[in-house]
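What follows is a single structure, written as structure tokens, with notes after it.
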Amino acid sequence: MTPVTFALPGDIDAKTGGTIYDKAVIEALRAMGRPVAHLALPGSFPFPPDADMDAALHALRALPPDRPVIIDGLAFGALATEALSGVRAPLVSMTHHPLGLETGLAPDAARHLLQREAANLALARHVIVPSPHTARILAGDFGVPQGKISIAAPGFAPPDPVRAPIDPPLILAVGLLAPRKGHDVLINALLALTDLRWQAVIAGGAHDPATAGALAAQAAPLGDRLRFAGRMEQRALSDLYRQATLFALATRYEGYGMVFGEALLHGLPIVTCAAGAVPETVPQGTGILVPVDDALAFADALRRLLTDAGLQRRMADAATAAGHALPQWTHTAAVFARALDTL
């Protein structure tokens with residue numbers, strides 16, 4: 001089996017979808033018997049200071065030419081192109097979603113990232129993505145040949161059979177406190193539902209202190225009906241999924257959206273937005289998808305599920321069935337292995 005290096009920025013134990021994906025792939029490839037070395041890059045990507053950029057490129061240039069390196073897209077799309085072209089190891093990009101499509105970027109920053117990522121993808125021997133949506137974006141907008149792209153959908157643990165919904169019904173959202181996750185839209189929707197019985201929890205670390213502060217101020221009128229739980233360990237988060245009645249995330253864009261798979265594993269109906277790969281990730285019948293940034297439509301969808309027990313039960317049954325059909329990490333790693341062995 002071809003040995004490989006997996007380079008990713010920041011803490012490998014960080015509770016973000018991309019890092020959880022990368023770590024699980026590393027572990028699954030090793031379990032298959034493939035030698036995988038983890039190369040930690042500075043955590044400041046995609047906007048590293050010069051010293052971090054130099055350190056990352058120095059580490060990549062030191063890799064041997066006969067050992068492919070998979071570079072997480074958070075770094076791959078932002079590395080200096082000319083220097084990246086000097087890396088001897090065969091380059092593989094793990095592109096979760098294009099960096100320039102992140103919500104809240106200044107136009108110049110978005111344009112810079114899109115141009116640099118397109119140039120860097122041209123250097124890659126292969127590109128791995130988590131969804132057909134991301135594959136279409138890279139082929140159509142970035143000029144990546146379709147034959148150079150492999151789709152490796154995330155894997156998941158077996159479905160959780162434990163359901164322990166609490167009263168009042170718990171609306172659960174999981175995602176970093178970042179503009180792209182649309183928590184501000186969810187809060188506006190909840191402000192329109194104060195006539196109903198519910199409680200809500202948003203679980204996720206504060207990616208940006210300014211965003212976290214703005215969300216806390218926005219949610220103040222809801223009092224203790226809405227709780228920000230911060231970054232949570234897996235056991236505590238699993239308990240919240242078990243206690244929830246429905247899952248809600250007003251995301252503005254997802255390259256896949258692993259939290260939706262987690263919701264399906266727990267049999268939760270989903271309210272979210274028809275953004276990016278979400279319509280492919282959330283199967284029909286398992287939830288309600290509304291337009292991006294439409295807080296009134298989001299509130300209406302939540303109201304329907306909170307007040308229509310029959311609809312809630314049908315969607316929960318559909319979510320449970322979809323959760324049983326999700327792939328495991330061995331399937332994801334097998335896609336990586338096939339791609340590596342063709343280099």
Side-chain angles (χ1 to χ4, degrees), residues 8-10 14-19 21-22 41-53 56 71-81 83-84 93-124 127 129-131 133-144 173-188 202 204-215 217-218 249-259 272-278 291-295:
L8 59 149
K15 301 301 182 183
T16 65
T19 305
Y21 180 107
D22 293 347
L41 301 178
S44 53
F45 282 93
F47 298 108
D50 290 344
D52 285 0
M53 177 72 80
I71 306 176
D72 180 85
L74 190 62
F76 188 89
L79 288 164
T81 304
L84 183 63
S93 175
M94 174 57 239
T95 304
H96 299 281
H97 66 83
L99 297 176
L101 298 184
E102 185 68 38
T103 302
L105 291 175
D108 287 348
R111 186 162 46 250
H112 167 76
L113 285 174
L114 291 171
Q115 292 172 347
R116 175 164 287 186
E117 190 155 14
N120 290 357
L121 287 169
L123 300 175
V127 181
V129 299
S131 68
H133 168 81
T134 303
R136 290 192 297 271
I137 292 292
L138 295 190
D141 297 344
F142 289 79
V144 181
V174 180
L176 289 173
L177 304 188
R180 179 165 58 88
K181 297 300 179 179
H183 298 312
D184 56 320
V185 177
L186 171 61
I187 293 171
N188 280 334
I202 297 176
H207 178 71
D208 171 20
T211 298
L215 291 173
Q218 181 188 2
L249 187 68
T251 183
R252 294 181 167 99
Y253 186 81
E254 297 290 338
Y256 181 88
M258 289 177 60
V259 291
T272 186
C273 300
V278 175
V292 172
D293 281 327
D294 192 336

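Values reported hereafter were calculated over all heavy atoms of this structure, with side chains retained and with hydrogens, waters and symmetry mates removed.
- No side-chain heavy atom of Met53 sits under 4.5 Å from any side-chain heavy atom of Pro42.
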Task: Residues Leu121, Ser93; criterion side chain to side chain contact (heavy atoms under 4.5 Å, CB included); working and verdict - done: CA-CA 7 Å; Leu121 287 169; Ser93 175; 4.0 Å; yes

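- Of all heavy-atom pairs between Leu138 and Pro98, the closest is CD2-CG, 4.1 Å.
- For Asp293, the side chain to side chain donor-acceptor pair (under 3.5 Å) partners at least two apart in sequence or on another chain are Arg252.
- In this structure, His183 has no side chain to side chain donor-acceptor pair (under 3.5 Å) partners at least two apart in sequence or on a different chain.
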- [ ] Could you check Glu254 against Val259 for side chain to side chain contact (heavy atoms under 4.5 Å, CB included), going step by step and ending with a plain yes or no?
- [x] CA-CA 10 Å; Glu254 297 290 338; Val259 291; 6.0 Å; no

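- The two atoms that bring Cys273 and Val278 nearest to each other are O-CG1, 3.2 Å, heavy atoms only.
- Residues satisfying the side chain to side chain donor-acceptor pair (under 3.5 Å) test with His133, not counting sequence neighbours, are Tyr253.
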- [ ] Could you go through the side chain to side chain contact (heavy atoms under 4.5 Å, CB included) check for Leu74 and Leu8 one step at a time?
- [x] CA-CA 8 Å; Leu74 190 62; Leu8 59 149; over 6 Å; no

Would you mind writing out the side-chain donor-acceptor pairs for residues 113-120 within the sub-3.5 Å range, not counting sequence neighbours?
residue	atom	partner	partner atom	Å
Arg116	NH1	Ala78	O	3.0
Glu117	OE1	Leu99	N	2.9
Asn120	OD1	Thr81	OG1	2.6
Asn120	ND2	Phe76	O	2.7
Asn120	ND2	Leu79	O	2.9

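- For the salt bridge (Lys or Arg N to Asp or Glu O under 4.0 Å) condition, the pairs that include at least one residue of residues 105-115, sequence neighbours left out, are Asp108-Arg111.
- Judged as a side chain to side chain donor-acceptor pair (under 3.5 Å), and not counting sequence neighbours, Asp141 has no contacts.
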Open item on the list: Could you go through Phe142 and Ile137, starting from their C-alpha distance and side-chain angles, then the distance that decides it, and tell me whether this counts as side chain to side chain contact (heavy atoms under 4.5 Å, CB included)?
Closed with: CA-CA 7 Å; Phe142 289 79; Ile137 292 292; 3.9 Å; yes

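- A distance of 8.5 Å separates CG in Leu41 from CG in Asp72, rounded to the nearest 0.5 Å.
- One N or O on the side chain of Thr272 and one on the backbone of Leu249 form a donor-acceptor pair closer than 3.5 Å.
- Between the Ser131 side chain and the Gly255 main chain, a donor and an acceptor come within less than 3.5 Å of each other.
- The shortest non-hydrogen separation linking Asp52 to Ser44 is OD2-OG, 2.6 Å.
- Considering CG of Leu101 and CZ of Arg180, their distance stands at 9.5 Å, rounded to 0.5 Å.
- Counting all heavy atoms, side chain and backbone alike, Val292 lies closest to Ala275 at CG2-CB, 3.6 Å.
- Distance check: Tyr21 OH to His96 NE2 gives 7.0 Å after rounding to the nearest 0.5 Å.
- To the nearest 0.5 Å, the span separating CG on Asp294 from CG on Asn188 amounts to 11.0 Å.
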